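Contents: one structure, followed by commentary.
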There are 2 protein chains.
Amino acid sequence: MKKLILASTSTIYGSGYLEYLMEELAVFFADCSTITFIPYARPSGISHNEYTEKVRKAFNELGKKTIGLHEFESPMEAIRNAEALFTGGGNTFVLINQLYKFDLIQPLKEVVESGIPYLGTSAGSNICGLTINTTNDMPIVYPPSFKALSIVPFNINPHYLDPILNNKHMGETRETRINEFHHFNTQPVVGLREGNWIEVIDGNIRLKGQNQTRIFEYNKEPYEVESGSSINNLN
Amino acid sequence: MKKLILASTSTIYGSGYLEYLMEELAVFFADCSTITFIPYARPSGISHNEYTEKVRKAFNELGKKTIGLHEFESPMEAIRNAEALFTGGGNTFVLINQLYKFDLIQPLKEVVESGIPYLGTSAGSNICGLTINTTNDMPIVYPPSFKALSIVPFNINPHYLDPILNNKHMGETRETRINEFHHFNTQPVVGLREGNWIEVIDGNIRLKGQNQTRIFEYNKEPYEVESGSSINNLN
């Protein structure tokens, strides 16, 4: 039993927070009244409270109650008792570091694998892959490990970005970076463009959203997959 | 005694490898005949041999001999006996991981602090800061630590990039990322634009190159410093 939405981003250009996902989320969270929010990724360094307020406003529109994980005395108990979970974006290193610090990796994995609905955006999606080795974030803290929840059998690269034509900046393209990753690792990488998400329902992993998704498998040319396709057998 | 050039990039747009630095390097390496090259950062995953060949061609034009660190039986001995050093760019995590693996952090620091000329570009510059927490690279391997050589008393952000106007991509700007860094760390960060470098001569740390440099100090508005200025007293 699994039920996840792993989105590339919370916000698409020119639209409000989670706005493009709202119809989908109304169905996804239909049976839940309260969503436990994991605010640990702290985008722009905002506090857990500030971040939770932002999310609360968005979920209010769906008629859902939001509680921040930091509001509980025991985050572990809170995860074990959650009716639904949302992990927001921000810095993946900060997020996973905090999950390790509070020993939450294993409980979170167990709860999600038991079928509790889980929404992730950006860093919150990334941690459901095998490792965080394909994050785009700056490594501003040193976590005890890059190993992630391994709920899906591949790595995720959120905010996947195509090479920019005529770019004069000499930093590596995203594709070059993922290619470098495959010199040291063999697992597949799902390059999730903004506006796209991965839907996991029990054993079925499906791509959704407005764009194609770029898949990187070890020792293979990267390729595009249409929205609506399943990706249950990446190598 | 110290003598370093820490460049943002090896290559500026529309120009050959190290080309924009060649005049500077002719003077910098004037007293050396052989340069020991550290190829560990493996840009695009190229091999140590391939990378060393590329560098050899560039230094041939200066009449210098290049030896790759991987060509020695003992990289530690090679560093201790080097006449001059160059660490090229690529992936900072791969580079520092290899330096830790071969116990080279301390010997490299000692040799550079004894006055052996050291050139770094991109990742090769980054490792001379306090930590690699402000790299832009993808964390494709997990190093034993993010602690770096601490030869300069600040962190470096190479390839520093100004926010792109009207960008529709929702990833964080570089300034946002460095701001997030300062929620968890207090050391200054030097945002080194492409075409710029840091010159260290004994106790004097000076900015050089075609652009201004953006300085990020903890709890302070970021500010610009002109090329030619010393940055000996960042807080």
Side-chain angles (χ1 to χ4, degrees), chain A residues 8-15 41-47 89-94 97 122 131-147 155 157-162 164 166-174 176-185 193-195, chain B residues 8-15 41-47 89-94 97 122 131-147 155 157-162 164 166-174 176-185 193-195:
Chain A
S8 173
T9 185
S10 61
T11 313
I12 58 174
Y13 184 77
S15 150
R42 300 183 58 188
S44 302
I46 61 170
S47 72
N91 187 288
T92 308
F93 297 89
V94 173
N97 191 50
S122 191
T131 72
I132 64 157
N133 288 85
T134 50
T135 176
N136 312 304
D137 295 337
M138 191 172 265
I140 59 177
V141 299
Y142 182 72
S145 170
F146 286 171
K147 284 199 188 116
N155 268 38
N157 178 250
H159 303 279
Y160 180 76
L161 189 61
D162 292 294
I164 298 164
N166 304 316
N167 189 8
K168 294 183 179 176
H169 187 256
M170 302 302 283
E172 298 85 356
T173 66
R174 195 64 60 77
T176 300
R177 290 165 186 265
I178 297 172
N179 179 38
E180 288 181 6
F181 169 79
H182 273 149
H183 276 82
F184 299 92
N185 305 270
R193 294 187 177 91
E194 291 181 347
Chain B
S8 173
T9 186
S10 61
T11 313
I12 57 174
Y13 183 76
S15 149
R42 300 183 57 190
S44 303
I46 61 170
S47 70
N91 187 289
T92 308
F93 297 89
V94 173
N97 192 48
S122 191
T131 73
I132 63 157
N133 289 83
T134 50
T135 175
N136 313 304
D137 294 338
M138 191 174 265
I140 59 177
V141 298
Y142 182 72
S145 169
F146 286 172
K147 283 196 188 118
N155 268 38
N157 178 250
H159 303 278
Y160 180 75
L161 188 62
D162 291 295
I164 298 163
N166 304 317
N167 190 7
K168 294 184 179 175
H169 187 256
M170 302 302 282
E172 299 85 357
T173 65
R174 195 64 61 79
T176 300
R177 291 164 186 267
I178 297 172
N179 180 38
E180 288 182 4
F181 169 81
H182 273 149
H183 276 82
F184 299 92
N185 305 271
R193 294 188 177 90
E194 291 181 348

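Keep in mind it's a predicted model, so treat the numbers as computed, not measured. Here is the naming used below: chain letters follow the sequence lines, and residue numbers restart at 1 for every chain.
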I need the residue from [options] with the largest number of non-hydrogen atom pairs under 4.5 Å to chain B.
| options | answer |
| --- | --- |
| A/N185, A/L161, A/T9, A/N136 | A/L161 |
| A/M138, A/E172, A/H183 | A/M138 |
| A/S44, A/P143, A/P139 | A/P139 |

Working to the nearest 0.5 Å, report the span between [atom1] of [X] and [atom2] of [Y].
| X | Y | atom1 | atom2 | value |
| --- | --- | --- | --- | --- |
| B/T135 | B/R177 | OG1 | CZ | 10.5 Å |
| B/T173 | B/I178 | OG1 | CD1 | 8.5 Å |
| A/F93 | B/F184 | CZ | CZ | 12.5 Å |

Checking heavy atoms, do the side chain of A/T11, its backbone, both or neither come under 4.5 Å from chain B?
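For A/T11, heavy atoms of backbone and side chain both lie under 4.5 Å from chain B.
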B/Y142 versus chain A, heavy atoms under 4.5 Å apart: side chain, backbone, both or neither?
both
Contacting moiety of B/T176, where chain A heavy atoms sit under 4.5 Å
side chain
I need the minimum non-hydrogen distance between [X] and [Y], along with the two atoms involved.
| X | Y | value |
| --- | --- | --- |
| B/T134 | B/N157 | O-ND2, 2.9 Å |
| B/R193 | B/S8 | O-CB, 3.3 Å |
| B/S122 | B/P158 | O-CG, 3.8 Å |

For chain A, find which of B/D137, B/I132, B/N179 contributes the most heavy-atom pairs closer than 4.5 angstrom.
B/D137
